[in-house]
Amino acid sequence: DRRQRQMCIRDRGCVMKNKKLVGTVMVPAMLHMFVFIVIPIVIGLVISFFNYNPLSSDNKFIGLENFVRLVQDADFRKALLNTLLFVLITVTLNIGIALVVAQMISWFKSNKVRSFFRMVFFLPCIAPMVATSVVFARSIFPTTTGFLNVALNKIGIDSINWLGDPKVVMISLIIYTIWVDVGYNVILFSAGIDGIPSYVYEAADLDGASEWVKFRKITWPLLGRSFQFVIVQTLISHFQMFAQFAVLILKDGPQNSGLVLSRYIYKMAFEYKDMGYASAVSLVLFVIIMTLSLICLLYTSPSPRDISGS
């Protein structure tokens with residue numbers, strides 16, 4: 001009994017130490033989130049009710065006028081439509097391509113070969129987006145000397161005005177975004193697939209299951225938690241993308257064909273110094289991201305059966 005009491009006291013002491021350690025580690029993270037996320041959101045919400053210009057001393061309270069202006073603003077509607085179209089296509093293609101590539105990488109038995117292909121796909125994620133946007137604008141997409149049009153001409157296809165045709169600008173932005181961002185999700189899906197026990201696939205092989213059946217019955221269900229994380233973080237990231245819209249195309253593209261909400265917020269805030277209106281647009285973008293993220297979390301949550309199986 002004495003030994004058991006000593007063990008209980010020792011365990012309680014370990015638990016208390018662990019709680020203190022967790023609290024010590026969490027305090028800086030929570031403080032960082034409060035200072036750099038919560039406070040700016042509150043400030044942005046307050047500013048959205050003012051006709052705020054940082055260069056002016058007369059910043060009047062205008063209530064909901066900035067939000068009424070949103071409904072009447074054709075440029076805002078154009079930016080909103082472009083943003084939703086861009087995110088819908090890029091997130092769908094990104095996740096689909098990343099999942100297929102990760103599955104193909106998992107077929108290699110050698111760890112060195114798998115690591116090599118993961119590195120190849122992840123390399124574009126390392127380079128700064130501003131730098132790669134300049135490379136694409138000057139070397140890949142130019143109409144006459146661009147690598148893409150030269151390759152198309154070689155196979156008998158006429159050159160495409162990738163950055164000057166309003167019908168093609170968004171396609172160019174989507175191509176670039178997929179190239180620069182898909183590697184990150186390849187790594188995440190690949191790690192998720194590697195975490196699935198090998199004996200599950202071995203049992204499927206004994207039953208004569210094809211690769212498609214193994215993917216549909218084993219890989220897909222057991223990737224539930226990885227898929228949930230990937231889709232939410234990709235959704236948030238693509239809504240906030242800015243570099244390619246500011247560097248790859250000039251002045252938001254012809255007829256505002258490349259104008260998105262992140263770029264529109266920057267234009268209103270720093271080019272026109274209309275901080276109040278920019279804050280209202282930012283609040284709308286925040287609500288959209290929050291709503292879609294919660295929907296994705298709700299409908300992509302893995303079932304208890306999948307969790308127990310993984």
Stepwise side-chain contact (heavy atoms from CB on, under 4.5 Å) test for Val101 and Phe189
CA-CA 9 Å; Val101 171; Phe189 278 133; over 6 Å; no

Between Asp58 and Lys60, is any pair of side-chain heavy atoms under 4.5 Å apart?
yes

If Ile, Leu, Val, Met, Phe, Trp and Tyr residues are connected whenever their side-chain heavy atoms lie under 4.5 Å apart, and connections chain through other members, are Val150 and Leu152 in the same group?
no

Output all residues satisfying salt bridge (Lys or Arg N to Asp or Glu O under 4.0 Å) with Lys78, sequence neighbours left out; order by chain, then residue number.
none

Locate the shortest heavy-atom distance separating Val35 from Pro40; write the atom from each residue and the value.
O-CD, 3.2 Å

Can you pull out every side chain to side chain donor-acceptor pair (under 3.5 Å) where at least one residue sits in residues 277-293? Sequence neighbours excluded, please.
Asp73-Tyr277

Any chain of hydrophobic side-chain contacts (each under 4.5 Å) joining Tyr201 to Leu206?
no

Can Phe86 be reached from Val247 by stepping across I, L, V, M, F, W or Y side chains whose heavy atoms are under 4.5 Å apart?
no

Which heavy atom of Asn59 sits nearest to which heavy atom of Phe50, and what is that distance?
O-CD2, 3.6 Å

Atom CG of Leu250: over 12 foreign heavy atoms under 6.0 Å:
no

Should Leu64 and Phe67 count as side-chain neighbours, where that means a heavy-atom distance under 4.5 Å?
yes

When you check the gap from the basic side-chain N to the acidic O, do Lys267 and Asp75 get nearer than 4.0 Å?
no

Does a sphere of radius 6.0 Å around CE in Met119 hold more than 12 heavy atoms from other residues, nucleotides or ligands, not counting ones at 6.0 Å or beyond?
yes

Taking the side chain as every heavy atom from C-beta outward, state whether Phe227 and Ile95 have any atom pair closer than 4.5 Å.
yes

Got a sec: does the CZ of Phe61 have more than 12 other heavy atoms crowding it under 6.0 Å?
yes

Quick check: are there more than 12 heavy atoms from other residues, nucleotides or ligands sitting under 6.0 Å from CD of Gln255?
no

Just wondering, do Met104 and Phe117 contact through their side chains at under 4.5 Å, heavy atoms?
no

As an exercise, state the distance from CZ of Phe121 to CD1 of Ile97, rounded to the nearest 0.5 Å.
9.5 Å

Using every non-hydrogen atom in the two residues, find where Ala280 and Ser48 come nearest and quote the distance to one decimal.
N-CB, 3.7 Å

Lys217 atom NZ: more than 12 heavy-atom contacts under 6.0 Å:
no

Could you tell me which residues satisfy salt bridge (Lys or Arg N to Asp or Glu O under 4.0 Å) with Glu271, sequence neighbours excluded, listed by chain and number?
Arg263

Provide the closest heavy-atom pair for Leu223 versus Gly192 in the form atom of the first, atom of the second, distance.
CD2-C, 3.6 Å

If we only count heavy atoms from C-beta on, is the Ile37 to Ile41 side-chain gap below 4.5 Å?
yes

Note: Arg118-Asp194 ion pair, threshold 4.0 Å (strictly below)
yes

Which pair of non-hydrogen atoms, one from Leu248 and one from Ala137, has the smallest distance, and what is that distance?
CD1-N, 3.5 Å

Go through Tyr264 and Thr83 one step at a time and tell me if the side-chain hydrogen bond (donor to acceptor under 3.5 Å, both in side chains) criterion holds.
CA-CA 10 Å; Tyr264 191 57; Thr83 302; over 6 Å; no

Are Val130 and Phe136 connected in the hydrophobic side-chain network, where two residues link if heavy atoms are under 4.5 Å apart?
no

Side-chain contact, heavy-atom cut-off 4.5 Å: Val281 with Leu70?
yes

Determine, stepwise, if the pair Glu65 / Asn51 fulfils side-chain hydrogen bond (donor to acceptor under 3.5 Å, both in side chains).
CA-CA 9 Å; Glu65 287 186 20; Asn51 184 18; over 6 Å; no

Would you please say whether a donor-acceptor pair under 3.5 Å links the side chains of Asn149 and Thr143?
no

